[in-house]
Amino acid sequence: MTVHLARRGNVAIVTIDNPPVNALGHAVRRELSDTLARIEADVDVAAVVLICAGRTFSAGADVREFDKPPAAPALGAVLRAIDHATKPWIAAIQGTALGGGLELALACRFRIACPNARLGLPEVTLGLIPGAGGTVLLPRLIPADKALEIIGFGKPVNAREAQAVGLIDGIAEGDLLEAAMDFASGILVNPLPPPAIARQVIPESAPGAFVAVATRIAAKTPGQHAPAAAVQALRGSLSIPPIEALAAEAQTFRHLKQSDQSRALRHVFLAERNTTRSVRLDGAAPNDLAMMGVIGGGTMGAGIAAACLLAGLSVVMIERDTAAAAAGAARVSEIIASSEKRGLISAKKHALIKRAFLTSDDYAALARADLVIEAVFEDMGVKKQVFAQLDAVTRPDAILASNTSYLDLNEIAASTRNPARVIGLHFFSPAHVMRLLEIVMPDAAADRTLAKALSLAERLRKVPVLAGVCDGFIANRIMSAYRCECEYMLEEGALPWQVDRAMTAFGMPMGIFQMQDLAGLDISWAMRKRQAATRDQDARYVEIGDRLCEAGRLGRKSGRGYYWYPDGKTPVPDPEVEALIKQESERKRLRRIVPSDAAIMERILSTMQAEGHRILREGIARNADDIDVVMVNAFGFPRWRGGPMFMETRVRTTDTVQPGTDGPPDQDQCRT
Ligand code: 3H9
């Protein structure tokens, strides 16, 4: 049974109990429908409290059922029966009420919620719009522009915001069920308001507010169908009778469910939750970690320290001297202060964090650390020195992690007394924001070490992806491969701004050349110079990056790189760069043919996929879904395209990429 019915006096208590998130799958819908019929028939019931078991209200329709044939009763039908119930239903919300879960609450006559509850219609994040009445009921409870904000951006609101706009009728400060029971007795003495479905729509909160939200949605979600459909559905529901609006909403929902974009977004949603599904290791509960060590207070170290502090862990940050430690501490403080300013943490939590953070230039301060993450300069010698010191001062059971992006973790582990406790934890910058965490397993790492790393990922609410040891692991290795391909394209006829335009039109947040300008061209230049002696001299080598650096064009920080930055931040195509690239083509006797944007993107995509397959063959990634999760979360591969490996499994349509004319040439060695 997933739905339970109890009685207290003249109030029926309906409890949905479908772990883990009370999704409204077929069994729940059927049992809810039967329970409603029993309650309607029971003359002794005057009101109904609807509550969910466990830590959360309902997370909505069961996304795992979306590719199965529909099974009656449909959610919309169940909710319309609740809308029209002769007795008032009161939704008692804890945790999150999302999607169909919130639609269920909207169908109830009243809603009360715990102070930390979150309510939302995040269907657009799955390439959908609400399909069980959300677009029709919400603007009948809150102003139309606020409804559009919630539906079009898919971002949940907290209980206070919900109360302020009129989405809920009260906040339960104490026990939720008791508060709901009190609420039920309170409403029975008053005349009942009409159900939401029978109310008039509430106009926008200010003239032009609806259009302003719609414009922001369009600007934020280029290329995506669902947000535009949400705007259209809301517009419709403001102007046509509710019954027609419900039918139109359901039709759009069904149509979107079949779309490539929704399939892609659902693929990523499930893939992100599957990355460690088969890795079930004993030996480390999430609360096993208390004190963290971070070596290095640069951008990366400070971001990692802040992520740990924000997750409630204590942190000791080590720097080489007191001045560097103070600079590192200042970086961390800035991140924490900005988290408070943005309302992400309270002043009280900020004060607690300050007490949990210590900096030192003495490794001995790490004696009690459970896990230490090294984030120092990418140099094997420097890393080995750090690990030697960690070996000397840490507890024998402490885990030692490196945040290296590409160095050989087997070599680092082998340099320690106990390689079993060494692991790679590759964060992405800014580390307190980016959700991806590549967990890199050296050959000798013990299960216990991996278990602790997974505990940390869970504690930090990161998406962990397991990777094997190789140059660049999963993310940087694939990036390195397609960057190389893009450099070949420059020699063969494209220009940086054309490649970048093709990438952003595809949905990437930034093109590869702008990205390199932002990161600075000098770091990879220095690396290429170090590798020059050992590079395969027969491999194709693109010298454009070297030529730019030799000309003092080190990227955005120097005002010039692949682009010119006249105001210090806006990239402008530069004829000097064009001339330099053409010279290089000529020097190599390459005939320049300007490719189409579609051909450029096709070639980038094929390169990502080819490198993905290599990574799979070598056992660096565990499966293709993990590669998609990495690409979406590391470099902003458009989530709504599902990732390069997912795209390969789909039949190409016009809303993906036009087949290009150029195939990817064989991968030459081009690792920088
Ligand atoms: C919808 O409702 C359409 C309607 O408008 C119309 C219908 C006609 N279904 O994320 P977590 C699983 S569309 C099935 O790790 P958290 C998840 O896979 C839906 N399963 O926990 C995982 O399984 P496992 C609109 C679901 O605490 C487990 O629950 N709703 C669903 O970090 C724990 O999940 C949404 O878009 C689901 N709907 O976060 C909400 N949701 O343990 C999507 C979760 O086997 N869900 N699971 O790996 C979320 O945003 C988060 O899961 C939530 C919990 C905030 C609820």
Side-chain angles (χ1 to χ4, degrees), residues 2 16 18-29 32 52 54-80 93-107 116-138 150-151 153-158 226 229-230 233-234 246-247 249-259 262-263 265-280 286 311 435 454 457-464 625 629 639:
T2 61
I16 299 178
N18 186 27
V21 292
N22 295 309
L24 303 169
H26 179 231
V28 176
R29 299 195 303 273
L32 199 52
C52 291
R55 63 189 166 96
T56 188
F57 197 75
S58 170
D62 189 334
V63 294
R64 292 167 209 268
E65 285 183 358
F66 281 4
D67 292 321
K68 295 183 185 161
L75 185 59
V78 179
L79 301 197
R80 294 305 65 84
I93 301 166
Q94 85 282 23
T96 46
L98 298 176
L102 180 57
E103 290 173 301
L104 170 60
L106 295 175
N116 58 0
R118 294 178 68 72
L119 299 88
L121 292 169
E123 281 87 345
V124 286
T125 65
L126 297 175
L128 301 165
I129 64 164
T135 64
V136 183
L137 268 53
L138 196 59
I150 290 178
I151 296 173
F153 287 109
K155 206 166 158 256
V157 294
N158 63 35
L234 242 310
L246 284 171
E249 180 202 78
Q251 195 185 3
T252 306
F253 174 84
R254 281 194 300 274
H255 172 74
L256 287 172
K257 201 169 69 158
Q258 306 301 328
S259 70
S262 178
R263 286 182 201 280
L265 285 160
R266 273 145 47 201
H267 159 74
V268 177
F269 175 84
L270 293 173
E272 283 180 344
R273 282 156 183 82
N274 279 343
T275 55
T276 55
R277 185 167 298 279
S278 57
V279 187
R280 289 285 176 257
R435 289 175 67 226
L454 291 174
E458 192 173 332
R459 186 74 185 256
L460 303 185
R461 300 189 68 81
K462 301 278 181 207
V463 179
D625 289 3
V629 170
R639 204 179 171 83

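Just so it is clear, the structure is predicted and the values come from calculations on it, not from any experiment. Whatever order the structure lists them in is the order used to number ligands and atoms, beginning at 1. No hydrogens, no waters, no symmetry mates; every other heavy atom, side chains included, goes into these values. Position 1 is the first residue of the sequence; numbering continues from there.
Under the 4.0 Å distance rule, the nearest protein heavy atom to atom 39 (O) of ligand 1 falls outside the cut-off.
Of all the heavy atoms of Leu126, the ones lying under 4.0 Å from any atom of ligand 1 belong exclusively to the side chain. With a 4.0 Å heavy-atom cut-off, ligand 1 is reached by the side chain of Val21 but not by its N, CA, C or O.
Put simply, the side chain of Glu103 never gets that close to the backbone of Pro130: no donor and acceptor are under 3.5 Å apart. Proximity of a side-chain donor or acceptor of Asn22 to a complementary backbone N or O of Thr56 within less than 3.5 Å is detected. A donor-acceptor pair under 3.5 Å is formed between the side chain of Arg80 and the backbone N or O of Ala132. In this structure, the side chain of Arg266 engages the main chain of Lys257 through a donor-acceptor pair within 3.5 Å. Under a 3.5 Å cut-off, the side chain of Glu249 and the backbone N or O of Ala233 do not form any donor-acceptor pair. Side-chain atoms of Thr135 do not come within 3.5 Å of backbone N or O of Leu234 as any donor-acceptor pair. Judged purely by atom type and a 3.5 angstrom limit, Arg55 has no side-chain atom pairing as donor or acceptor with the backbone of Gly95. Of the possible polar contacts, one joining the Arg29 side chain to the Ala71 backbone as a donor-acceptor pair under 3.5 Å is found.
Taking all atoms of both residues into account, the shortest heavy-atom contact from Ser58 to Cys52 is N-SG, 3.9 Å. Residues Ala23 and Asn18 approach most closely at O-ND2, 2.8 Å, considering heavy atoms. A pairwise comparison of heavy atoms in Ala107 and Leu79 identifies CB-O, 3.6 Å as the closest pair.
If you number the atoms of ligand 1 from 1 as listed, the ones under 4.0 Å from a heavy atom of Arg55 come out as 21 (O), 27 (O). Applying the 4.0 Å criterion to heavy atoms of Gly99 picks out, from ligand 1, the atoms 2 (O), 25 (C). Residue-ligand proximity, Val63 to ligand 1, at heavy-atom distances under 4.0 Å covers atoms 9 (N), 14 (C), 37 (C), 38 (N). Numbered from 1 in the order shown, with element, the atoms of ligand 1 that lie under 4.0 Å from a heavy atom of Leu98 read 40 (C), 50 (O), 55 (C). Listed by number with element, the atoms of ligand 1 under 4.0 Å from a non-hydrogen atom of Gly100 are 1 (C), 2 (O), 4 (C), 5 (O). Within ligand 1, the atoms closer than 4.0 Å to a non-hydrogen atom of Pro130 are 5 (O), numbered from 1 in the order shown. Close approach to Glu103 involves these atoms of ligand 1, each under 4.0 Å from a residue heavy atom: 4 (C), 5 (O), 6 (C).
In this structure, Arg461 counts as a contact residue of ligand 1, since one of its heavy atoms falls inside 4.0 Å of the ligand. Residue Gly134 places no heavy atom under 4.0 Å from ligand 1.
For atom 5 (O) of ligand 1, the closest non-hydrogen atom of the protein is Glu123 OE2, 2.5 Å. Residue, atom and distance of the protein heavy atom nearest to atom 24 (P) of ligand 1 are Arg277 NH2, 3.5 Å. Looking only at heavy atoms of the protein, atom 14 (C) of ligand 1 is closest to Asp62 OD1, 3.2 Å.
One option in Phe269, Phe253, Phe66 has a heavy atom closer to atom 7 (C) of ligand 1 than any other, and that option is Phe253. Here atom 42 (O) of ligand 1 lies nearest to Pro20 when heavy atoms of Gly120, Pro19, Pro20 are compared. Between the choices Arg64, Glu272, Arg273, the shortest heavy-atom distance to atom 23 (O) of ligand 1 belongs to Arg64. Across the listed options Gly60, Ala61, Pro122, Pro70, Ala61 owns the non-hydrogen atom lying nearest to atom 37 (C) of ligand 1.
A side chain to side chain contact (heavy atoms under 4.5 Å, CB included) with Glu272 is found for exactly one of Thr275, Val268, Leu270, Asn274, namely Val268. Under the side chain to side chain contact (heavy atoms under 4.5 Å, CB included) rule, Leu104 has a single partner from Val28, Val78, Ile16, which is Ile16.
Considering both main-chain and side-chain atoms, Gly131 comes within under 3.5 Å of ligand 1 through a nitrogen or oxygen pair. At least one N or O atom of Ala59 sits closer than 3.5 Å to an N or O atom of ligand 1.
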